[in-house]
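Notes follow the structure.
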Amino acid sequence: MDRAVRTYLDHLTVEKGLALNTLTSYRRDLRRYREHLAGAGIDGLDQITEATVSEFLIRLREGSGDHPPLGAASAARTVVAVRGFHKFAVADGLATLDPAAAVKPPTPAKRLPKALPLSDVEAILEAAGAPGTPLALRDRALLELLYGTGARISEAVGLDVDDVADPETVLLRGKGGKERLVPVGSYARSAVAAYLVRGRPALVSTSSTNAGSSHAALFLNSRGGRLSRQSAWTVLVKAAERAGVTRDVSPHTLRHSFATHLLDGGADVRVVQELLGHASVTTTQVYTLVTVDNLREVFATAHPRARHG
């Protein structure tokens with residue numbers, strides 16, 4: 001067994017060229033696995049069964065005298081090392097069966113999307129349109145629309161003027177070319193209207209005669225072409241900096257905030273699913289976990305018997 005592990009590590013070093021830190025992790029994971037096998041009285045590869053490997057995974061999650069319980073991500077990395085070892089052992093003729101092939105690494109917990117508090121969103125929106133220039137009017141309209149509709153940045157920069165012809169709704173084109181009509185609130189309507197009247201015409205006038213289809217685009221850059229996703233991201237980040245918002249802000253921040261604030265306000269998760277353009281309600285339900293956390297915080301703060309005195 002020890003020779004098989006050494007052979008595998010040599011293979012990773014020489015043939016795979018893994019980095020030193022990765023090799024150190026593999027060596028530690030396989031030493032832990034070897035100790036588990038020794039504790040079970042197993043000293044030959046062909047004595048190992050699928051149940052043996054599954055039991056090892058359980059021990060990783062529960063912990064033992066040698067180490068505390070491992071999280072899903074750490075346990076998954078260890079199982080990957082064990083699966084690689086057994087696959088190599090069969091391919092190299094060191095074993096006849098692969099007992100780890102059907103043992104799946106645990107799925108790491110789904111990270112909750114980060115939503116901004118409403119005060120931060122409002123500060124960002126105010127900072128975006130402060131100077132009143134054509135670009136400031138565009139930036140305010142862009143961010144108001146992102147937060148007011150939950151649109152992805154790619155959906156927002158893909159909008160044409162005709163897609164907002166009805167001031168009450170916006171036509172968004174999502175993943176796979178799926179279209180959806182989303183209602184537009186009063187703040188976003190006002191910002192888009194101001195941009196169309198006082199901002200966009202000035203940007204159109206800067207474009208060359210070869211701009212072509214960019215004349216149909218709703219959001220234009222300083223040269224009169226269609227605004228790019230990267231430029232839209234920069235608009236958001238700069239507005240957050242001017243507003244003094246220190247939290248991380250990404251292209252999906254306003255979308256996450258849109259969904260979370262709707263659910264906090266009592267919206268049904270299936271309504272939010274439709275607004276976001278999610279194919280499955282399961283995707284949307286991750287936002288309900290955020291609101292549950294918010295409820296816990298409010299409960300712990302406000303209820304007289306929520307905490308011990």
Side-chain angles (χ1 to χ4, degrees), residues 121-122 124-126 128-236 239 251-259 261-262 265 267-268 270-279 284:
V121 173
E122 291 176 334
I124 290 172
L125 296 176
E126 288 295 330
T133 63
L135 289 178
L137 290 168
R138 179 205 65 188
D139 295 349
R140 179 65 179 263
L142 171 68
L143 299 189
E144 286 280 7
L145 202 62
L146 285 170
Y147 176 64
T149 65
R152 301 175 179 91
I153 276 199
S154 58
E155 295 170 342
V157 298
L159 285 170
D160 289 338
V161 174
D162 288 347
D163 296 328
V164 293
D166 177 358
E168 302 290 327
T169 60
V170 60
L171 177 63
L172 298 175
R173 295 173 183 82
K175 294 180 178 179
K178 293 182 179 178
E179 297 183 347
R180 67 187 188 280
L181 277 174
V182 177
V184 180
S186 60
Y187 286 91
R189 286 202 304 271
S190 297
V192 170
Y195 164 64
L196 286 173
V197 173
R198 305 199 309 275
R200 190 177 180 280
L203 297 178
V204 169
S205 68
T206 66
S207 65
S208 68
T209 55
N210 297 324
S213 62
S214 67
H215 281 185
L218 175 60
F219 294 114
L220 302 177
N221 59 32
S222 58
R223 298 177 304 281
R226 186 181 292 273
L227 190 69
S228 69
R229 289 175 58 185
Q230 188 59 43
S231 296
W233 186 357
T234 302
V235 166
L236 173 57
H252 259 37
T253 300
L254 295 183
R255 179 171 163 87
H256 293 330
S257 302
F258 166 84
H261 296 167
L262 276 174
D268 184 88
R270 292 194 178 275
V271 172
V272 178
Q273 174 197 354
E274 292 294 328
L275 293 173
L276 292 175
H278 286 160
T284 315

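Everything numeric in this text was worked out from a predicted model, so none of it was measured. Residues: numbered from 1 along the sequence shown.
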Compare every heavy atom of [Y] with every heavy atom of [X], then report the nearest pair and how far apart it is.
X: A217; Y: V161; value: O-CG2, 3.8 Å
X: S222; Y: L203; value: CA-CD2, 4.3 Å
X: A141; Y: A191; value: CB-O, 3.6 Å
X: A151; Y: L172; value: CB-CD1, 3.8 Å
X: L196; Y: P201; value: O-CD, 3.2 Å

Please check: side-chain N/O of R255 versus main-chain N/O of G150, any donor-acceptor pairing under 3.5 Å?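 It does hold such a pair.
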Look at the side chain of R138 and the backbone N and O of L218, then say whether any donor-acceptor pair between them is shorter than 3.5 Å.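 Absent.
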Gap between atom [atom2] of [Y] and atom [atom1] of [X] - 0.5 Å precision:
X: Y147; Y: L236; atom1: OH; atom2: CG; answer: 13.5 Å
X: L181; Y: D163; atom1: CG; atom2: CG; answer: 9.5 Å
X: D139; Y: F219; atom1: CG; atom2: CZ; answer: 9.5 Å
X: L146; Y: I124; atom1: CG; atom2: CD1; answer: 11.0 Å
X: L125; Y: L142; atom1: CG; atom2: CG; answer: 10.0 Å
X: D160; Y: L171; atom1: CG; atom2: CG; answer: 9.5 Å

Determine whether L135 and N221 make a side-chain contact, defined as any pair of heavy atoms from C-beta on separated by less than 4.5 Å.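 No, too far: nothing below the 4.5 Å cut-off.
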Any heavy-atom pair between the side chains of V157 and W233 that's under 4.5 Å?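 When only atoms from C-beta onward are counted, V157 and W233 do not touch, as no gap falls below 4.5 Å.
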For side-chain contact (heavy atoms from CB on, under 4.5 Å), just list the numbers for E144 and R189, CA-CA rounded to whole Å, side-chain angles, deciding distance to a tenth of an Å, and then say yes or no. CA-CA 9 Å; E144 286 280 7; R189 286 202 304 271; over 6 Å; no
By salt bridge (charged side-chain N to carboxylate O under 4.0 Å, His left out), which residues pair with E155, not counting sequence neighbours?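 By the salt bridge (charged side-chain N to carboxylate O under 4.0 Å, His left out) rule, E155 matches R152, R180.
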Option among V164, V192, T149 that satisfies the side-chain contact (heavy atoms from CB on, under 4.5 Å) test with V184: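 It is T149; the other options fail the test.
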